[in-house]
2 protein chains.
Amino acid sequence: MAYEKTARISDVFTVLGDPTRRQIFERLGDGPQSVGNLALNLPVSRPAVSQHLRALKDAGLVTDRAEGTKRIYQIDPHGLGALRGWLDRFWVDQLDAFKAEVEKPDQDSEA
Amino acid sequence: MAYEKTARISDVFTVLGDPTRRQIFERLGDGPQSVGNLALNLPVSRPAVSQHLRALKDAGLVTDRAEGTKRIYQIDPHGLGALRGWLDRFWVDQLDAFKAEVEKPDQDSEA
DNA sequence: TTTTTTCGTAAGCCATGACTAACAGTAAGT
DNA sequence: ACTTACTGTTAGTCATGGCTTACGAAAAAA
């Protein structure tokens with residue numbers, strides 16, 4: 001078997017745990033891009049980006065296709081789906097515990 | 001200022017990126033527990049658990065309260081809220097890109 | 001076919017961080 | 001007051017993994 005179709009939540013978290021990798025992934029949110037193009041706006045070398053993309057691909061977070069000598073990467077919904085599934089399940093399971101507390105407004109983020 | 005009320009998504013991912021920490025966090029899903037009790041069912045020492053709990057606390061993923069000589073930890077909705085916010089925003093942003101693909105059933109997880 | 005572009009991979013270095021052991025502190029029990 | 005139970009912290013070790021450099025491969029261009 002060549003492909004790993006199922007995206008494991010453990011891999012998703014581990015892979016997205018690295019800041020640089022998260023940065024690459026979020027930049028792919030702007031649209032499909034080549035490896036070199038991604039490396040241009042990042043503080044690491046092109047091979048580093050390539051290695052990160054491999055990890056993202058193995059986790060089912062991105063897919064890639066050839067386009068001439070270039071290789072275009074784009075976001076794969078599978079990985080995000082696994083994350084969403086895990087979070088939703090965890091969320092409803094915890095709702096019993098901190099019912100009212102959830103509604104208390106106070107949750108941030110950072111993009 | 002002593003408290004860091006805002007849960008940053010970068011911290012949430014980084015902290016949850018460690019397998020052992022994720023394991024501790026998921027076991028807290030069964031309900032509030034003491035440090036020693038958590039350490040019993042884990043392959044690491046108690047101090048290790050204590051250190052992980054600190055990281056989880058700093059990321060806004062858990063809260064703790066004293067109970068006699070014991071210290072009870074439980075899940076804090078703030079961290080999960082930050083994660084949910086990030087995911088939801090990312091999700092809708094990407095909907096334009098892979099519209100139909102999202103509906104194709106095929107998303108796994110691992111608990 | 002030879003050169004150019006673009007990329008993946010291997011080898012090796014080095015920093016981050018996860019872990020254990022030892023110690024210190026606080027609360028409850030006697 | 002002394003002992004016991006439970007935990008946080010520090011120091012120091014060691015493995016994981018992220019990064020760069022160098023190399024090789026494939027496709028397009030000349």
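A note on names: the letters A, B, ... follow the listed sequences, proteins ahead of strands, and every chain is numbered from 1.
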Legend entry - Nucleotide nearest B:Pro47 when distance is taken to its side chain, options D:dG18, D:dT7, D:dT9: D:dT9
Inset, instruction - Take the protein atom CZ of A:Arg21 and the nucleotide atom P of D:dC19, then report the distance between them rounded to whole Å. - result: 8 Å
Inset, instruction - Step through the shown structure and confirm whether more than 12 heavy atoms of other residues, nucleotides or ligands are within 6.0 Å of CZ on B:Arg27. - result: yes
Inset, instruction - Among C:dG8, C:dT20, D:dT7, find the nucleotide with the atom closest to the side chain of B:Arg71. - result: D:dT7
Inset, instruction - Measure distances between side-chain N and O atoms of B:Gln51 and base N and O atoms of D:dT7, and say whether any donor-acceptor pair falls under 3.5 Å. - result: no
Legend entry - Per B:Ala48 side chain, nearest of listed nucleotides D:dT9, C:dC19, D:dG18: C:dC19
Legend entry - A:Ser45 side chain near D:dT20 phosphate (N/O to OP1/OP2, under 4.0 Å): yes
Inset, instruction - Using only heavy-atom distances, decide whether a donor-acceptor pair under 3.5 angstrom links the side-chain of A:Arg46 to the base of C:dG8. - result: yes
Inset, instruction - Starting at atom CG of A:Asp11, determine the distance to atom C1' of D:dG17, rounded to an integer number of angstrom. - result: 15 Å
Inset, instruction - Compare side-chain N and O positions of B:Thr20 against OP1 and OP2 of C:dA18 and report whether any pair is under 4.0 Å apart. - result: no
Legend entry - B:Arg21 side chain vs B:Val15 backbone, donor-acceptor pair below 3.5 Å: yes
Legend entry - d(CG, A:Leu38; C1', C:dG8) in whole Å: 15 Å
Inset, instruction - On the 0 to 90° scale, with breaks at 30° and 60°, tag the A:Phe25-B:Phe90 ring pair as parallel, tilted or perpendicular. - result: parallel
Inset, instruction - Calculate the interatomic distance between B:Asn37 atom CG and D:dA5 atom C1'; express it in whole Å. - result: 14 Å
Legend entry - N/O (side chain, B:Ser50) to phosphate O (OP1/OP2, D:dT7) under 4.0 Å: no
Legend entry - base_contact_polar (D:dT7 base, B:Glu67 side chain, donor-acceptor, <3.5 Å): no
Inset, instruction - Nearest whole angstrom, please: distance from the C1' of C:dG8 to the CG of A:Asp64. - result: 11 Å
Inset, instruction - Specify the separation, in whole Å, of atom CZ of B:Arg54 and atom C1' of D:dT9. - result: 8 Å
Inset, instruction - Provide the full list of ring-ring contact (aromatic ring centres under 6.0 Å, His included) pairs with a residue in residues 53-76 of chain B, sequence neighbours left out, each pair given once. - result: none
Legend entry - Phosphate OP1/OP2 of C:dC19: any B:His52 side-chain N/O under 4.0 Å: yes
Inset, instruction - Take atom CD1 of B:Ile72 and atom C1' of C:dT26, then tell me their distance rounded to the nearest Å. - result: 15 Å
Legend entry - Steps toward side chain to side chain contact (heavy atoms under 4.5 Å, CB included) verdict (B:Val49, B:Ile24): CA-CA 8 Å; B:Val49 174; B:Ile24 294 175; 4.1 Å; yes
Inset, instruction - Just compare D:dT7, C:dT20, C:dT6 and give me whichever is closest to any side-chain atom of A:Thr69. - result: C:dT6
Inset, instruction - Give a yes/no answer on whether the side chain of B:Tyr73 brings an N or O atom under 4.0 Å of OP1 or OP2 in D:dC6. - result: no
Inset, instruction - May I have the distance from A:Arg65 (atom CZ) to D:dA27 (atom P), rounded to whole angstrom? - result: 17 Å
